[in-house]
**Student:** 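Just dropping this structure here.
What you are looking at is a predicted structure, and each value in this text was computed from that prediction instead of being measured. Every chain is numbered from 1 and lettered A, B, ... according to where its sequence line falls, protein lines coming before strand lines.
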4 protein chains.
Amino acid sequence: MPKDIEVHSSVKDETLIAMRREQIIKGAVKLFKEKGFHKATTREIAKAAGFSIGTLYEYIRTKEDVLYLVCDRIFNEVTLKLSPYQNEEGTLDTLRRAIYEYYYLIHRMHIEFTIMYQETKSLPKDTRAYILDREYEMVSMFAELLRSCVASGELALKEQYILIAANQIVVQGQAWAFRNWAYKKDYKIEQFIEAQTELFLYGLKGFS
Amino acid sequence: MPKDIEVHSSVKDETLIAMRREQIIKGAVKLFKEKGFHKATTREIAKAAGFSIGTLYEYIRTKEDVLYLVCDRIFNEVTLKLSPYQNEEGTLDTLRRAIYEYYYLIHRMHIEFTIMYQETKSLPKDTRAYILDREYEMVSMFAELLRSCVASGELALKEQYILIAANQIVVQGQAWAFRNWAYKKDYKIEQFIEAQTELFLYGLKGFS
Amino acid sequence: MPKDIEVHSSVKDETLIAMRREQIIKGAVKLFKEKGFHKATTREIAKAAGFSIGTLYEYIRTKEDVLYLVCDRIFNEVTLKLSPYQNEEGTLDTLRRAIYEYYYLIHRMHIEFTIMYQETKSLPKDTRAYILDREYEMVSMFAELLRSCVASGELALKEQYILIAANQIVVQGQAWAFRNWAYKKDYKIEQFIEAQTELFLYGLKGFS
Amino acid sequence: MPKDIEVHSSVKDETLIAMRREQIIKGAVKLFKEKGFHKATTREIAKAAGFSIGTLYEYIRTKEDVLYLVCDRIFNEVTLKLSPYQNEEGTLDTLRRAIYEYYYLIHRMHIEFTIMYQETKSLPKDTRAYILDREYEMVSMFAELLRSCVASGELALKEQYILIAANQIVVQGQAWAFRNWAYKKDYKIEQFIEAQTELFLYGLKGFS
DNA sequence: AATGAATGAGTTTTCATTCAT
DNA sequence: AATGAATGAAAACTCATTCAT
């Protein structure tokens, strides 16, 4: 698991820091959703968080820290949701449920996900690297799941294609967030998940 | 096909406009690749294009026009590459070749594609709508191909899943561009295309 | 009395706003006098006011706001000076003193007045309308004075000519400001006032 | 009479110059009326004149030259209209007719006059001086007329007040142009002229 | 003589960040 | 710890003027 990046704060009280950051993330997500990271000003972020610009800067160092905070939050939620499946036995059913859980999470947090995928490149080099690491971690979780399905004989997938397949799961899920305009007219999330899962498992030829 | 959006120019000579726009696109792509649209200044764009800031503004109206010019170019190339497949008979082989062509194009223009998918949201409302229209057009081309495979009996895909499948093709291709970091260590483009195509056609269960 | 137009400020402390605006007006008048509104840059205005460009924009929204601030100031002074005469009884003597007060005020503030009459058209539509309203208010004050002279029998002026006469007073006063070059060689302000007043009251035929 | 200021042109053919300048003045007046001198661009001036920006600069040196051309034109018209009255005998009737002619001219050319009085300060020092000279010339014409009325015994005005009175005629006329908003609701030009003339000749006390 | 593409200095305005209170 | 006034670098865009054709 990637080493956490510390966002510096001049405030000492850890509980307070946690509370304020919570406010910052909440406000920022709402704001970024409306106008994107670039068009949101730090003043607006502070206001959305419920305090003054001066206070905002007691809990972050730069505007980009806010973006990082938001991204970090998302990954923590994903990791939290998916980690139980890590320890289950490798069956197709486990895989289905993990995919379901992941896609559903994306659905609930689609605003946050969209922000993350659109603004990542605005992060400074090192932070971006950390985000990619965590993204990779997500892919790895699915890769592991696939591998244990292979190990248990439920799947016959050559090692070299594990990563492609895992990536495909992750990307298609994200697509529900960042390409929602392409789906929402024709599909509900449940339909999307089902179709995507079947297509993934059985392909075009085996999918009715 | 969506109606083209005109980018205003105060210069009258159409050939000259075409030439200068070519320079602008070339310079901008290079620049955006390095620092992204937001961090690239208009002065830098002008310089990269090989002329002064004043001249740049003879050929565009706003900085966003440059982004639009870049996006428009990409779609034109995609449409150009894929349109021949529209008229072919609906066989799996045609589909395979269309996918190959599309993925390969993305590979060659992966910088441009990445820019497009990361910066689209920076475009003004109407231009963004136009881009989404063209994106939809791309999906439609694959949807048509799938439908004609169904018509010819090579595929048995319910109409309601055509769109999901077409979107999947498009998204997975784009992923090669905007998530290249996740693939490039383990796959060459040919391997990626092959694996992706097989996975798509035969699914996990039918894919060795 | 026309409703005041609010100039937006992002600063909350009203006393501070008043103080800074005072500095802005003072600096701007000096600057506009030297080079006119158009040739004065916002940076110069800030400098003349004694602070940075960033601070200037904490107290105004646009450059035109500065012009408005200057104009508004002038009218406030005029209104302040002339309002006492409103309540006096309608005698020629009151009229004489009001004219004197008004012309003298213009003399003391002739730079401000000149700026105002030369730059008004640079104001945005709504602000310009407000200025004209206040200008009309000034004319009205003199018109009222004339009417009360008529009422008291000191003057026999048909209602239809009241406005022309009131306008004449106002315009001739302004002329001392914006056409000062035409008078200053030959007249002192006192002479100007006296001559103008006599000419106005008794005309060419009755004026020696 | 003030010495004419030469506006340099790189074109030799004098007839052509005259023709082009005519076009320039016509176009510029229309344009300045709409947006004022500052907001009109040289490109727009050229277009309004009916030729290209390059050609415009064959007939002027700077943008300010255009303003000068417009101002100069106005004075020429005024001088042309008023000079006949110079040679007439000094009667009140002549004076009345001269005022009428002058006010009526302003009425017909009120756009040009307004431009002139609002934009004069945008002229470079030397040109502005020339304009003031010509303005002075206008005042002088009326001053002469007044003097000859005094000489003929029709008027008894001390020399020291001649200038004030002449200026008053001139200024009140201009006011019809630049303060038209204050008059137009209540007066037609004929009423304005009549009232103004009577007020001027007989004053408030002698004016019914 | 006429054209219009090219130039770049100059302008207004924004906004992340700091720091005295 | 919290505030918010002050700062000034930086950015997009304009437009008078030139000059090669």
**Student:** Using heavy-atom distances to pick each residue's nearest nucleotide on DNA chain F, tell me which of B:His38 and C:Ser52 is more 5'.
**Tutor:** C:Ser52
**Student:** Report the residues that fulfil side chain to side chain contact (heavy atoms under 4.5 Å, CB included) with D:Ser52, sequence neighbours left out, ordered by chain and then residue number.
**Tutor:**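 Applying side chain to side chain contact (heavy atoms under 4.5 Å, CB included) to D:Ser52 gives D:Thr55.
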**Student:** With nearest nucleotide decided by heavy atoms, which residue, B:Ser10 or C:Lys39, maps closer to the 5′ end of DNA chain E?
**Tutor:**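 Mapping each residue to its closest nucleotide by heavy atoms, the 5'-most match is B:Ser10.
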**Student:** When the distance from CZ of B:Phe51 to P of E:dT7 is rounded to whole Å, what number comes out?
**Tutor:**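 Interatomic distance, CZ of B:Phe51 to P of E:dT7: 9 Å.
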**Student:** Among C:Phe37, C:Tyr130, C:Phe75, whose ring-ring contact (aromatic ring centres under 6.0 Å, His included) with C:Tyr68 holds?
**Tutor:**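 The residue from C:Phe37, C:Tyr130, C:Phe75 that satisfies ring-ring contact (aromatic ring centres under 6.0 Å, His included) with C:Tyr68 turns out to be C:Tyr130.
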**Student:** Under 4.0 Å from any heavy atom of chain A: name the first and the last nucleotide of DNA chain F that qualifies, 5' to 3'.
**Tutor:**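 In short, chain A contacts DNA chain F from F:dA1 to F:dA5.
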**Student:** What's A:Ala46 touching, base or sugar-phosphate or nothing? Going by heavy atoms closer than 4.0 Å.
**Tutor:**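 It contacts nothing in the nucleic acid.
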**Student:** On a plain distance test, is the side chain of C:Arg43 in donor-acceptor contact with the base of E:dT13 below 3.5 Å?
**Tutor:** yes
**Student:** Just checking A:Lys47: does its NZ atom have more than 12 heavy atoms from other residues, nucleotides or ligands closer to it than 6.0 angstrom?
**Tutor:**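 No, NZ of A:Lys47 has 12 or fewer neighbouring heavy atoms, counting only those of other groups under 6.0 Å.
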**Student:** With nearest nucleotides of DNA chain E determined for A:Lys63 and D:Gly54 from heavy-atom distances, which residue corresponds to the more 5′ nucleotide?
**Tutor:**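 Its nearest nucleotide being more 5', the pick is D:Gly54.
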**Student:** Classify A:Thr41 by what it touches in the nucleic acid, base, sugar-phosphate, or nothing, heavy-atom distance under 4.0 Å.
**Tutor:**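 Sugar-phosphate contact only - A:Thr41 comes under 4.0 Å of backbone atoms but never of a base.
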**Student:** Salt bridge between C:Glu22 and C:Arg73, side-chain N to carboxylate O under 4.0 Å?
**Tutor:** yes
**Student:** Round to a whole Å and report the spacing from CD1 of C:Ile53 to C1' of E:dT14.
**Tutor:**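 In whole Å, E:dT14 C1' lies 10 Å from C:Ile53 CD1.
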**Student:** Over how many whole Å does the gap from C:Leu56 atom CG to E:dT13 atom C1' extend?
**Tutor:** 10 Å
**Student:** Taking only residues two or more places apart in sequence or in another chain, which ones pass side-chain hydrogen bond (donor to acceptor under 3.5 Å, both in side chains) with B:Tyr117?
**Tutor:** B:Glu135, B:Gln174
**Student:** Heavy-atom nearest nucleotide on DNA chain F for B:Thr55 versus C:Tyr59: which residue maps closer to 5'?
**Tutor:** C:Tyr59
**Student:** If I take atom CG from residue A:Leu16 and atom CZ from residue A:Arg21, how far apart are they, to the nearest 0.5 angstrom?
**Tutor:**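 So the gap between those two atoms works out to 10.5 Å.
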**Student:** What orientation do D:Phe178 and C:Phe178 show, parallel under 30°, tilted 30 to 60°, or perpendicular over 60°?
**Tutor:** perpendicular
**Student:** Could you state the atom-to-atom distance from CG of C:Asp65 to C1' of E:dT13 in whole Å?
**Tutor:** 12 Å
**Student:** Using a strict cut-off of less than 4.0 Å between a Lys/Arg side-chain nitrogen and an Asp/Glu carboxylate oxygen, indicate whether C:Glu58 and A:Arg43 qualify as a salt bridge.
**Tutor:**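 Answer for the salt bridge query: yes.
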**Student:** Counting only pairs under 3.5 Å, give me each side-chain donor-acceptor contact of residues 26-35 of chain D, with atom names and distances, residues two or more places apart or in other chains.
**Tutor:**
from    : atom 1 : to      : atom 2 : distance (Å)
D:Lys35 : NZ     : D:Glu44 : OE1    : 3.4
D:Lys35 : NZ     : D:Glu44 : OE2    : 2.7

**Student:** Looking at DNA chain F, which of residues 12-36 of chain A put a heavy atom within less than 4.0 Å of it?
**Tutor:** A:Lys12, A:Asp13, A:Leu16, A:Arg20
**Student:** Please report the interatomic distance CD1(D:Ile45) to CD1(D:Ile25), rounded to the nearest 0.5 Å.
**Tutor:**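 Output value for this atom pair is 12.0 Å.
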**Student:** Calculate, to the nearest 0.5 Å, the distance between atoms CD1 and CE belonging to B:Ile131 and B:Met116 respectively.
**Tutor:**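 CE of B:Met116 is found 6.5 Å from CD1 of B:Ile131.
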**Student:** Give the dot-bracket string for DNA chain E, reading 5' to 3', where a pair is Watson-Crick or G-U wobble with both distances under 3.5 Å, ( ) marks pairs inside the strand, [ ] marks pairs crossing earlier ones, | marks a partner on another strand, and . marks unpaired.
**Tutor:** .||||||||||||||||||||
